[in-house]
Amino acid sequence: IGCLILAAATLFLLSPASNSHRRVGGGGGGFIRQTADDISSSSSSSNHDPRARTRKLPMRVQYLLAQSQIVGNRLEEVKAGTKTVEEIIHSGHNIGAAGAASRIHNHKSAPMTLSEILTFLQSFLKKLNSSNIRNKHTTFHGIWAAYHDLTVKTLYPWDQDYLSRMPTRREDGSVYLSVVSFRDEFCPATLMEAFAKAKNPEKLFVGLVQQNCEDKCRSGILDNNKMVDVKPDADCYLLFCSSQVGKKYCNEGHIRLLRMKESESLGPYLARYFASKLWNGEQWYMQIDSHMTFLQDWDASSIQMLRAAPSEKPVISHYPPPHTANLVEKSNVAAPRLCGPKFATGSDESQIVRLEGSYYYDSVKLDTPRFAPFVAAGYLVAHSDILREVPYDPFLPYIFMGEEILFSARLWTSGYDIFSPTHSLLGHHYVRNNKPKFWESVHRAFSFGIWDPLHMLVRERVKNQLGYPEAAKDMIKPKSLFTAVEQYSMGTSRSLDDYLQIVGLNMNTKEVTYTAWCETGMPPPGFEKYEHLYQA
C-alpha cells in the first residue's frame with residue numbers, strides 16, 4: 001500500500017498541471033513555474049474568446065445576452081414609463097440585465113469589428129422583417145410598439161455597447177462618406193463620381209446602406225395617380241464594384257455595404273443611423289444623399305473649409321444647388337446658405353419646423369465659411385467625433401420631417417458651430433417625380449395610409465426634445481416614445497433656449513423672428529469677435 005501511495009504521489013508531481021490549476025511561484029513542492037509565454041498565451045485566449053466572458057454567468061443571463069435582450073422581462077415597466085432602460089441596466093440589484101451588462105461592459109474595451117457590426121445589424125433586420133410580417137394588419141400604435149419593443153431588447157443595448165467601444169479617430173486625412181440609397185438609380189453614378197473626382201480617393205471610405213426592391217416591385221406614383229409593376233432595382237454596389245472606377249476600391253475594402261429590403265425601410269433617418277455604424281475611425285465624416293454630383297477635389301476642399309472655419313468644432317452644411325448647375329462656374333461664387341425656418345401648417349405636419357431652401361445671399365465669396373443656423377441632412381461634413389458626441393437615435397423610425405432641425409439643435413448644444421460652405425462642392429437631384437418613396441413601401445408593408453399617423457406619432461419624440469409644450473412628457477402617450485431619450489438628446493455645452501433665441505424660433509407661440517445675421521452673412525449674437533473676418 002505504501003509503495004502504491006508513493007508511486008501515485010510521484011506521478012501526480014511529475015504530470016503537467018492543467019491551466020485551471022496553474023500557479024505562479026517557486027520551483028519546488030508541486031508548484032509549476034509559469035513562463036512569460038504562458039501568461040501571454042492565457043491572456044490572449046481570454047481576450048479573444050467572447051464566450052469566456054459569459055460562461056460563469058447564470059444560464060438565464062447567458063441566454064438574454066445571446067439574444068441581446070438585457071432588459072429581460074422588465075419591458076412592461078419601460079413601456080409604462082415607470083422605469084427607464086438606463087435604470088434597469090445600471091441598477092445594482094437587478095440580477096439579470098444589470099449585473100450581466102455591467103460585467104460584460106467591463107470586458108468589452110476593444111472596438112467592434114466591421115464583421116461583428118454587420119452581423120448584428122443583419123440579425124436585427126431579420127427580426128424586424130419577421131415582426132413586420134406578424135404585425136402587417138395592426139394599427140400605427142401597434143407598429144410603433146412592435147418596433148419599440150424589439151429595439152429595447154436588441155438594438156438599444158447593442159448601440160450603447162457600440163458607443164462605449166467606438167474606434168479611435170485617426171489623424172491620417174481619411175474621409176468616411178455616409179451614403180443611404182432608397183431604390184435610387186443614380187446611386188452608382190454618385191459613387192463613381194465621388195471617387196473619380198476625389199483628390200485623394202485612396203483615403204475615401206464609403207458606408208453604403210442600400211434599400212432595394214428585389215422581387216414584385218412597384219413604381220412610384222405616376223402622373224395618372226397609379227403605380228405599375230417594374231423590374232427589380234439596379235444593385236448600386238454591384239454596378240459600382242464591376243465598373244472600371246469602382247473595382248479597385250471595392251477589392252481594397254473602401255466600400256462597406258449593408259443591404260436592406262425595401263419592406264425593411266425605416267426612413268432616411270434610421271438609414272443614416274445604420275450607415276453611421278459602418279464608420280471605422282476615419283478622420284473626417286461626410287453624409288450625402290445617393291443622387292449627387294461632385295466638383296473636382298471636393299474632398300480636399302471640404303477639409304480645407306473645415307480648417308478655415310473660426311471654430312474648434314465646425315460643421316459645414318447647406319442645401320446644394322441642383323445637379324444641373326455647373327459646379328466649376330459655381331466655384332467662383334459664394335455658396336447658397338440655409339437660413340429661413342418656418343413652422344409647417346399642414347394638417348399632418350404637427351407644426352414641425354421646416355427649413356426653407358438655400359439662397360444666394362452673398363455678393364462676395366470669402367475664404368472663411370460664414371456662420372449658419374441649420375444643417376441639411378443630405379450634405380454635411382465635420383470631424384468624425386460628431387458620431388461619438390451626437391450619435392443617431394435608434395428610436396426614431398419612419399420620420400421624414402423634423403430630422404434637420406433636431407440635428408441642428410443637438411449639434412449646437414453639443415458645442416458645434418454650423419457654417420455654410422464658401423462655395424458649392426456638390427450638386428443634388430432634387431426632383432425625382434414618379435420615383436418610389438419610402439412611405440409608399442411602408443404602406444405596402446402594412447396597410448395603405450398607415451404612414452401618416454405613424455410618423456406623426458414618432459415625431460412627438462422630436463418635438464419633445466425641441467421644447468414644444470404640447471409634446472411634454474405628461475402630455476403624450478404612449479410613454480414608450482420617450483425611452484432612452486436622454487441618451488440621444490441635447491448636449492450640455494450650450495442651452496436649447498439660447499439656440500432657439502439665436503435662430504429666431506418660439507416653440508410656445510409658433511412664431512419665427514427675423515434675426516438678420518444669417519441673411520447678411522455676419523456672425524450670430526455672442527460671436528461678434530469674428531465680425532472682422534466677414535468684412536467685404
Side-chain angles (χ1 to χ4, degrees), residues 177-198 204 206-213 217-223 227 230-240 243 245-246 255 260 262 265 267-269 271-272 275 286-299 301-302 316-331 333 335-338 354-360 374-381 400-401 403-404 420-421 423-441:
L177 187 64
S178 166
V179 182
V180 300
S181 169
F182 180 81
R183 303 191 62 186
D184 191 351
E185 73 273 25
F186 296 117
C187 178
T190 296
L191 296 184
M192 291 179 197
E193 195 164 341
F195 278 92
K197 293 191 174 180
L204 177 62
V206 173
L208 173 62
V209 175
Q210 179 173 287
Q211 305 163 94
N212 272 6
C213 177
C217 304
R218 300 283 284 173
S219 68
I221 298 178
L222 306 178
D223 293 336
M227 296 180 178
V230 294
K231 296 179 180 179
D233 299 321
D235 192 305
C236 177
Y237 177 81
L238 292 181
L239 287 173
F240 173 72
S243 70
V245 173
I255 310 294
M260 294 179 63
E262 175 196 19
S265 176
Y269 183 90
R272 280 186 260 274
M286 184 173 182
Q287 70 177 41
I288 62 172
D289 289 336
S290 58
H291 31 269
M292 311 293 283
T293 57
F294 296 78
L295 181 67
Q296 183 64 46
D297 296 347
W298 61 271
D299 54 335
S301 296
S302 296
I316 305 289
S317 186
H318 74 158
Y319 288 153
H323 70 284
T324 54
N326 186 323
L327 293 176
V328 175
E329 293 180 357
K330 292 292 184 183
S331 65
V333 178
R337 189 160 51 257
L338 183 55
R354 300 189 65 171
L355 306 181
E356 299 285 79
S358 294
Y359 292 95
Y360 290 90
F374 309 109
V375 296
Y379 169 75
L380 178 151
V381 58
F400 188 71
M401 292 183 298
E403 171 187 0
E404 293 172 327
S420 60
H423 59 276
S424 298
L425 299 175
L426 277 73
H428 187 282
H429 286 263
Y430 283 105
V431 180
R432 301 181 64 233
N433 292 333
N434 306 330
K435 302 301 180 183
K437 307 298 188 293
F438 94 89
W439 50 82
E440 296 164 356
S441 297

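FYI, the numbering just counts along the sequence from 1.
A donor-acceptor pair is defined here as one N or O able to donate and one able to accept, closer than 3.5 Å; no such pair exists between the side chain of E193 and the backbone of M292. For S178 (side chain) and Q287 (main-chain N/O), no donor-acceptor pair under 3.5 Å exists by modelled atom type.
Within the 4.5 Å cutoff, side-chain heavy atoms of M286 are placed close to those of L426. Between L327 and P321 the shortest side-chain heavy-atom distance falls below 4.5 Å. Between L191 and S243 the shortest side-chain heavy-atom distance does not fall below 4.5 Å. Side-chain contact check for P268 versus F400: some heavy-atom pair is nearer than 4.5 Å. Using a 4.5 Å heavy-atom cutoff, the side chains of R218 and E440 are not in contact. Counting heavy atoms from C-beta on, the side chains of Q210 and D235 come closer than 4.5 Å. Looking at P320 and Y430, their side chains come closer than 4.5 Å, going by heavy atoms from C-beta outward.
Annotation: the span from S331 atom OG to Q296 atom CD amounts to 11.5 Å, rounded to 0.5 Å. Annotation: the span from M227 atom CE to L222 atom CG amounts to 8.0 Å, rounded to 0.5 Å. In this structure, the separation between OG on S317 and CG on L338 is 7.0 Å, given to the nearest 0.5 Å. Distance check, rounded to the nearest 0.5 Å: CG of L425 to NZ of K330 gives 13.5 Å. We find the OH-CD distance between Y319 and E356 to be 9.0 Å, quoted to the nearest 0.5 Å. Atom CD1 of I255 sits about 7.0 Å away from atom CG of L204, to the nearest 0.5 Å.
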With side-chain contact (heavy atoms from CB on, under 4.5 Å) as the criterion, how do Y379 and D289 come out once you've worked through the C-alpha distance, each side chain's angles and the decisive distance to 0.1 Å? CA-CA 7 Å; Y379 169 75; D289 289 336; over 6 Å; no
side-chain contact (heavy atoms from CB on, under 4.5 Å) assessment of R183 paired with C217: CA-CA 10 Å; R183 303 191 62 186; C217 304; 3.7 Å; yes
Before you tell me yes or no, could you show the steps for F240 and L208 under side-chain contact (heavy atoms from CB on, under 4.5 Å), namely the whole-Å CA-CA distance, both residues' side-chain angles and the distance that decides it to 0.1 Å? CA-CA 11 Å; F240 173 72; L208 173 62; over 6 Å; no
When you look at L295 and S301, which way does the side-chain contact (heavy atoms from CB on, under 4.5 Å) test go after all the steps? CA-CA 9 Å; L295 181 67; S301 296; 5.6 Å; no
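Remark: F294 pairs with W298 by the ring-ring contact (aromatic ring centres under 6.0 Å, His included) rule, at least two apart or across chains.
H318 and S424 get closest at one heavy-atom pair: CE1-OG, 3.7 Å. Of all the heavy atoms in A234 and N212, the pair that sits closest is O-ND2, 3.0 Å. Scanning both residues, A376 and E404, for their nearest heavy atoms gives CA-OE2, 3.4 Å. Closest heavy-atom contact between Y360 and P336: CE2-CD, 3.4 Å. Between T190 and I288 the shortest heavy-atom distance is CG2-CD1, 4.1 Å. Among all heavy-atom pairs drawn from C213 and E262, the shortest one is CB-OE1, 3.4 Å.
The 12-atom threshold is exceeded at NZ of K437, counting heavy atoms of other residues, nucleotides or ligands nearer than 6.0 Å. The number of heavy atoms from other shown groups lying within 6.0 Å of CG (N326) is above 12.
A salt bridge links R272 with E403: at least one charged nitrogen is closer than 4.0 Å to a carboxylate oxygen.
Using the six-membered ring where Trp is involved, H429 and H323 have ring planes that are parallel, under 30° apart on the 30 and 60° scheme. Note on ring orientation: taking the six-membered ring where Trp is involved, the planes of H428 and H291 are perpendicular (angle over 60°, cut-offs 30° and 60°).
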